[in-house]
2 protein chains.
Amino acid sequence: MASKQTDKPVSSSQRALMELREMIFAGYLPAGSDHLETELAEQLKMSRTPVREAILMLEGQGLLQMRPRKGVRILPLSPEDMAEIYDVLTELESLAAENAAAFGYSAQNLSGLAQAIDDMDHAIKGPDLQAWARADNRFHKELVRLGGNRRAQAIVDMMSDQVRRARATTLTLRPLPTKSNADHRKVYQAIKEGDRSVARETHRAHRRHAKQIIVDILAKHSLRFV
Amino acid sequence: MASKQTDKPVSSSQRALMELREMIFAGYLPAGSDHLETELAEQLKMSRTPVREAILMLEGQGLLQMRPRKGVRILPLSPEDMAEIYDVLTELESLAAENAAAFGYSAQNLSGLAQAIDDMDHAIKGPDLQAWARADNRFHKELVRLGGNRRAQAIVDMMSDQVRRARATTLTLRPLPTKSNADHRKVYQAIKEGDRSVARETHRAHRRHAKQIIVDILAKHSLRFV
DNA sequence: GCATTTATTTATGTATGCATTATGGGCTGC
DNA sequence: GCAGCCCATAATGCATACATAAATAAATGC
């Protein structure tokens, strides 16, 4: 659990990648803002080269866009963007639920899911929205991991990052997700019982519902996000 | 249709990206092979910088992997990889089919699909497998475009590229896709009639079937691909 | 005074050079 | 003869320097 004795000497481009991501998620680089390579390099105390490499990778992940001579733009998320993202998440997570059910996992193997569900229950009673969001993330991430499709995992990770950018805001505006955990339990049950179609369709319905809630909120408040 | 009078002066990194892609697809950089940045730069007649940038992008697209001091490895595709890819394609294309059906496109808007289907019919009579593959690509690409989800489009493009690497081989080993076009027509009809669930499920079944055929071939021949 | 053209500035794209570090080979000692 | 260590080599990661092209400011002509 503890890091290696001396902190690992991670490469500059890796550090740039991580730090830029954090700066974006923390809102320090707000959606829609532009930033010159030189400025970013200065802030990260390194040369433009590793910063450029990080920017290229982040562009591939859809977090920003390089615009020659305009600087890199942190991409805003419109309600339509969010709808797209949720649709992709819906499909790939449903696939994962189906595949997980087909795997025949033991209760032991599913303990991560169960734990996340319990944590969500607990967080709702608080209510502690941050804790709920973290547990919800864990549930979805674990579900996709159990699905066993690494490409789907990578895509879901990417898209989840984008959702995360909007989370700070949507979390406070959406109704308390009290019903949500009933869905989660149903998915969990179906996976444990190896019922592929129930796992798939239940999760699918769950995600479509979530999409509706989030997109409605964004649209109603005419919000574009970080 | 004609390109601009003088050929567009694309940047070196763009050129590196395109040319490396072509070199991979053409099998000039075979799956599993390793290549030093310096060698590639030499072949492309440019410095390492733009080559590195292209490599970074291609790594993000899953075509290769940077391995410090070992060179970049062109990633092989195992039957399991292909199964993963087909599963993702199945989900996202089915989503596209459903959304396309929901859009209420006119026959005019669907002419691209219809044309691709006709071309496939024609190619099968040849039989001209290359022409069939091109038309099949067009059908799937157009379907996803009609779905309107740009993120799904980007992902499908990426995954289709990977399938394309195996195409040269699978195409000659698989049975003639004579039944395939019946599915395509059914999907087309459902989209035109706005029947979301038929469009979705028909395409889904179509893709799952295709997956089975391809994966079986790869497994039977113990093939890893380019 | 306005529009058009020209000059200047400046961000990016690319090349080059250097420091670091891993890898392979050779050498030494047992 | 084998194992382990050390050194040489070379590939990468990064910094820096420079050329190019775009955007802005300036200037000139009408």
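All values below come from the heavy atoms of this structure, side chains included, with hydrogens, waters and symmetry mates left out. Just so we're on the same page: letters track the sequence lines, and every chain starts at 1.
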Open item on the list: To the nearest 10°, give me the bend of the helix from C:dG1-D:dC30 to C:dC30-D:dG1, comparing the axes of its five terminal pairs at either end.
Closed with: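 If I round to tens, the end axes sit 10° apart.
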Side-chain donor-acceptor contact under 3.5 Å, [X] with [Y]:
X: B:H122; Y: B:D118; answer: no
X: B:S106; Y: B:Q108; answer: no
X: B:S78; Y: B:D81; answer: yes

Open item on the list: For the CZ atom on B:R174, are there more than 12 heavy atoms of other groups (residues, nucleotides or ligands in this structure) within a distance under 6.0 Å?
Closed with: yes
TODO: Grab the CG-P distance between B:L44 and C:dA15 for me, whole Å please.
DONE: 11 Å
Task: Spacing between A:Q65 atom CD and C:dT12 atom P, to the nearest angstrom - done: 14 Å
Open item on the list: Under 6.0 Å from the ring centre and within 45 degrees of the ring axis: does the NZ or CZ of A:R165 meet both conditions for the six-membered ring of A:F25?
Closed with: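 Relative to the ring axis of A:F25, which defines the angle, A:R165 lies outside at least one limit.
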Open item on the list: Using the ring centroid of each side chain, check whether A:H209 and A:H206 are separated by less than 6.0 Å.
Closed with: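 They do not qualify: ring centres at least 6.0 Å apart.
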Open item on the list: Please encode protein proximity along nucleotides 6-15 of chain D as a string of B, S and -, counting only heavy-atom distances under 4.0 Å.
Closed with: ----BBBBSB
Task: From CG (A:L56) to OG (A:S13), nearest 0.5 Å - done: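 Nearest 0.5 Å value for the CG-OG distance: 11.0 Å.
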Task: Short N-O contact, A:R21 and A:D161, less than 4.0 angstrom - done: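 A:D161 and A:R21: salt-bridged.
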